[in-house]
Amino acid sequence: MARTNHHSWRAYDPGSFGNSMKFVIPTGRLFYTSLRFLDSIGILIQPEDRKLIFNYNDFTVISVKPDDVPYFVGLGGLGICGLDTVMEINRNLLMLKRLDCSRYRLSVISSMEYDLEDLDGKTVATRHARITREFFNKLGINIKILKLHGALEVAPLTGVADAIVDIIDTGNTIKKNGLIEIKKIMDINPWVISNKRFFYENEDEIKLLLKGGFQVGYI
Ligand SMILES: Nc1ncnc2c1ncn2[C@@H]1O[C@H](COP(=O)(O)OP(=O)(O)OP(=O)(O)O)[C@@H](O)[C@H]1O
Ligand SMILES: O=P(O)(O)OC[C@H]1O[C@H](OP(=O)(O)OP(=O)(O)O)[C@H](O)[C@@H]1O
């Protein structure tokens, strides 16, 4: 297929490996983790301030906001993304390889020593509305969800919400703000993910690229 501009998804043929394979990585905390992983499989990217698209041999590496990685990978190619983001945004992707280099957890957090049942009828603020709804639904606990985009810790401290569902890494943020982890919902590792069609059309090459020995699974 003729390829006029390999930066454009329109010109991208997910069925053909090799000639400019897309690898979508997140900006933010996982950016350098992603570059280290790419380095380990032979894709050497030199980061540059404000630069979002990088080329290395047959690869085009594209950095987008973490929440947009599943969308771009859904169009074709491979990517790196936190498990929570895949579950929140697009579950129709393949989880190829778990990267054990770093780990977060997603937890229910509040300023009070609530039991989960105490949150029945209360408001929970989160960026992870889908995961939060499913978690409380499974327990038969009715909550109102307030969708916020960051600095969630402010919500229980100002009375805007009774609890939050948010990421904990070192625990410094909740400690600094006098908040308590009530219950862990899930551990979050970064994963190498793939568009399904792209994977099955290029399975051997991708396995070789990722050095094999990994499980292909659905969530
Ligand atoms: N150490 C980690 N382990 C696992 N997943 C991570 C880790 N760091 C970040 N993530 C993933 O990245 C997502 C967004 O994290 P981050 O805090 O980097 O976003 P952001 O602040 O919106 O990014 P940006 O700085 O570009 O605005 C998380 O929801 C999680 O999926
Ligand atoms: O346990 P810690 O190591 O303190 O990390 C947890 C904090 O990190 C994330 O926010 P981030 O820094 O991405 O900023 P945000 O609030 O704008 O999302 C998360 O939402 C917590 O606020």
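Order of appearance sets the numbers: ligands from 1, and atoms from 1 within every ligand. For the numbers below, each heavy atom of this structure counts, side chains included, while hydrogens, waters and symmetry mates do not.
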Between [X] and [Y] (side chain of the first, backbone of the second, donor and acceptor by atom type, cut-off under 3.5 Å), is there such a pair?
| X | Y | answer |
| --- | --- | --- |
| D118 | D115 | yes |
| T85 | D67 | no |
| T123 | K144 | no |
| D120 | N142 | yes |
| E117 | I141 | no |
| K183 | S107 | no |
| N195 | G74 | yes |
| K147 | R127 | yes |

Which residue and atom name correspond to the protein heavy atom nearest [atom], and how close is it?
| atom | answer |
| --- | --- |
| atom 15 (O) of ligand 1 | P66 CG, 4.4 Å |
| atom 12 (O) of ligand 1 | L30 CD1, 4.0 Å |
| atom 29 (O) of ligand 1 | D84 OD2, 2.7 Å |
| atom 25 (O) of ligand 1 | G28 CA, 3.4 Å |
| atom 5 (N) of ligand 1 | I188 CG2, 3.7 Å |
| atom 18 (O) of ligand 1 | R29 N, 2.7 Å |
| atom 24 (P) of ligand 1 | K65 NZ, 3.4 Å |
| atom 3 (N) of ligand 1 | S102 OG, 3.3 Å |

Legend entry - Protein non-hydrogen atom below 4.0 angstrom of atom 21 (O) of ligand 1 present: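 When distances to the protein are checked, atom 21 (O) of ligand 1 has no heavy atom within 4.0 Å.
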Show the atoms of ligand 1 that are less than 4.0 angstrom away from any heavy atom in [X].
| X | answer |
| --- | --- |
| T85 | 29 (O), 31 (O) |
| I167 | 28 (C), 29 (O) |
| P190 | 3 (N), 4 (C) |
| G82 | 31 (O) |

Inset, instruction - Run the salt-bridge test on K176 and E153 with the 4.0 Å N-O cut-off and return the result as yes or no. - result: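 A salt bridge is absent here (no side-chain N lies under 4.0 Å from a carboxylate O).
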Inset, instruction - Could you establish whether P26 and ligand 1 come within less than 4.0 Å of each other, counting only heavy atoms on the residue side? - result: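 No, P26 has no heavy atom closer than 4.0 Å to ligand 1.
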Inset, instruction - Inspect the surroundings of OH in Y56 and state if more than 12 heavy atoms from other residues, nucleotides or ligands are less than 6.0 Å away. - result: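 Yes, enclosed.
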Legend entry - Shortest non-hydrogen contact between N90 and P70, atoms and distance: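 Closest pair (atom of N90, atom of P70, distance): ND2-O, 3.5 Å.
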Inset, instruction - Anything with a heavy atom under 4.0 Å from ligand 2 counts, so go ahead and list those protein residues by chain and number. - result: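 Residues R29, G150, A151, E153, D166, I167, I168, D169, T170, G171, N172, T173 each place a heavy atom under 4.0 Å from ligand 2, listed by chain and number.
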Legend entry - F135 side chain reached by L116 side chain, heavy atoms, under 4.5 Å: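 Side-chain contact under 4.5 Å: yes.
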Inset, instruction - Would you mind reporting whether P156 and I109 have side-chain heavy atoms less than 4.5 Å apart? - result: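 No. Closest side-chain heavy atoms not under 4.5 Å.
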Using distance only, find each side-chain donor-acceptor pair of residues 27-36 under 3.5 Å and give its atom names and separation, not counting sequence neighbours.
{"residue": "R29", "atom": "NE", "partner": "Y104", "partner atom": "OH", "Å": "2.9"}
{"residue": "R29", "atom": "NH1", "partner": "Y104", "partner atom": "OH", "Å": "2.9"}
{"residue": "R29", "atom": "NH1", "partner": "D169", "partner atom": "OD2", "Å": "3.4"}
{"residue": "S34", "atom": "OG", "partner": "L30", "partner atom": "O", "Å": "2.7"}

Inset, instruction - For atom 7 (C) of ligand 1, state which one of W191, F31, Y104 supplies the nearest heavy atom. - result: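 Checking each option, the heavy atom nearest atom 7 (C) of ligand 1 is found in Y104.
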Inset, instruction - Report yes if T27 has an N/O atom closer than 3.5 Å to an N/O atom of ligand 1; otherwise report no. - result: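 For ligand 1, there is an N or O atom that lies under 3.5 Å from one belonging to T27.
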